[in-house]
> 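I'd like to ask you about the structure that follows.
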Amino acid sequence: MVIFAIAFISIRTVLSDSNPFYVVASGSMIPVLNVNDLIIVWAKDNNTSFDSANIGDIIVFKAPDPREENKTIVHRVSAIIENGNNLTGNVILCAPIAVNDVIQEKTILTKGDANECSIPGIDFPITQENYVGKVVYTIPQIGIIPQVLKPPVNYIIMAIIAGLLIFSFIHGSKKDKQEEKEKLKDD
């Protein structure tokens with residue numbers, strides 16, 4: 001557990017990000033990413049920023065449709081629309097959408113590897129505003145640890161640790177006092 005904590009703090013420090021860790025919650029990226037895989041996401045350098053996203057990159061983003069309540073999603077970039085509607089990549093939509101206006105900024109379309117098509121409002125349109133970062137590393141199945149340590153389990157563990165610390169402090173204090181009494185008797 002100590003090694004996990006040290007690794008967590010070290011990675012956060014190196015990536016200069018408050019939360020570069022995400023746990024895969026659905027099977028939409030199987031076989032590349034599985035449920036409970038821990039992914040490390042970064043958006044701080046030229047290779048992982050929104051502007052450098054390329055077709056084939058696995059990215060994390062917030063769903064653009066407000067009805068999705070800002071859900072965090074991890075999917076693969078399947079197409080990119082640059083300024084003026086210059087489309088590159090492969091677009092397979094689950095439902096038709098209308099793009100009446102000329103897109104003024106880079107927009108990304110994604111798709112889960114296990115999904116047959118891209119879902120408008122979830123996979124499209126991903127803009128700079130929705131972009132969280134690019135997946136830079138995956139640790140298989142380690143994401144179960146944060147799932148297990150959710151309330152109330154984490155509160156129970158913290159209470160046990162606090163209890164052990166208090167017991168250790170009280171026991172150590174009593175032991176010190178007893179040693180002092182024995183030392184005074186010997187003098």
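These numbers come from the heavy atoms of this one structure, side chains and all, not from hydrogens, waters or symmetry mates. In this chain, residues are counted from 1 in sequence order.
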> Roughly how far, to the nearest 0.5 Å, is CG of Leu109 from CD1 of Ile55?
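Rounded to the nearest 0.5 Å, the CD1-CG separation comes out at 10.0 Å.
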> For Thr110, is there any backbone N or O sitting under 3.5 Å from a side-chain donor or acceptor partner on Ser118?
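Side chain of Ser118 to backbone of Thr110, a donor-acceptor pair under 3.5 Å: yes, one is there.
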> Passes side-chain contact (heavy atoms from CB on, under 4.5 Å), Val60 versus Val135? Steps please.
CA-CA 7 Å; Val60 174; Val135 175; 4.0 Å; yes
> State the CD1-CD1 distance between Ile39 and Ile142, to the nearest 0.5 angstrom.
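Between Ile39 CD1 and Ile142 CD1, I get 14.5 Å after rounding to 0.5 Å.
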> Start with the C-alpha gap between Lys134 and Val41, add the side-chain angles, then the distance that decides, and say whether side-chain contact (heavy atoms from CB on, under 4.5 Å) holds.
CA-CA 5 Å; Lys134 179 179 175 182; Val41 178; 5.9 Å; no
> About how many Å separate CD of Gln128 and CZ of Phe61, when rounded to the nearest 0.5 Å?
14.5 Å
> For the CD1 atom of Ile161 and the CD1 atom of Ile156, what is their distance to the nearest 0.5 Å?
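Ile161 CD1 to Ile156 CD1: 12.0 Å, rounded to 0.5 Å.
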> Are Phe50 and Asn130 close enough, and set up right, to give a side-chain contact (heavy atoms from CB on, under 4.5 Å), and what steps lead you there?
CA-CA 10 Å; Phe50 178 79; Asn130 308 95; over 6 Å; no
> Scan for salt bridge (Lys or Arg N to Asp or Glu O under 4.0 Å) pairs involving residues 111-130, sequence neighbours excluded, and state none if there are none.
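Every pair satisfying salt bridge (Lys or Arg N to Asp or Glu O under 4.0 Å) with a residue in residues 111-130: Arg76-Asp113.
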> Which heavy atom in Phe124 sits nearest to a heavy atom in Pro64, and how many Å separate them?
O-CG, 3.8 Å
> Does Asp57 use its side chain to pair, donor to acceptor, with the backbone of Ile59 at less than 3.5 Å?
no
> Side chain to side chain donor-acceptor pair (under 3.5 Å) with Asn115: which residues, sequence neighbours excluded?
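Partners of Asn115 under the side chain to side chain donor-acceptor pair (under 3.5 Å) test: none.
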> Below 4.5 Å, heavy atoms only, C-beta onward: do Met29 and Val24 meet side chain to side chain?
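Result no, sub-4.5 Å side-chain heavy-atom pair not found.
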> Same cluster for Ile58 and Ile30 if Ile/Leu/Val/Met/Phe/Trp/Tyr side chains link at under 4.5 Å?
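Not linked; separate clusters.
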> Hey, could you give me the NE2/CG distance between His75 and Leu33, rounded to the nearest 0.5 Å?
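Reported to 0.5 Å precision, the distance equals 9.5 Å.
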> Any side-chain donor paired with an acceptor under 3.5 Å for Lys62 and Thr72?
yes
> Any donor and acceptor pair, going by atom type alone, linking the side chain of Asn36 with main-chain N or O of Asn34 inside 3.5 Å?
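No, because the side chain of Asn36 does not come within donor-acceptor range (under 3.5 Å) of the backbone of Asn34.
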> Measuring from Asp37:CG to Ile139:CD1, what's the distance to the nearest 0.5 Å?
9.5 Å
> Are any side-chain N or O atoms of Gln141 and backbone N or O atoms of Val35, one a donor and one an acceptor, separated by less than 3.5 Å?
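It does hold such a pair.
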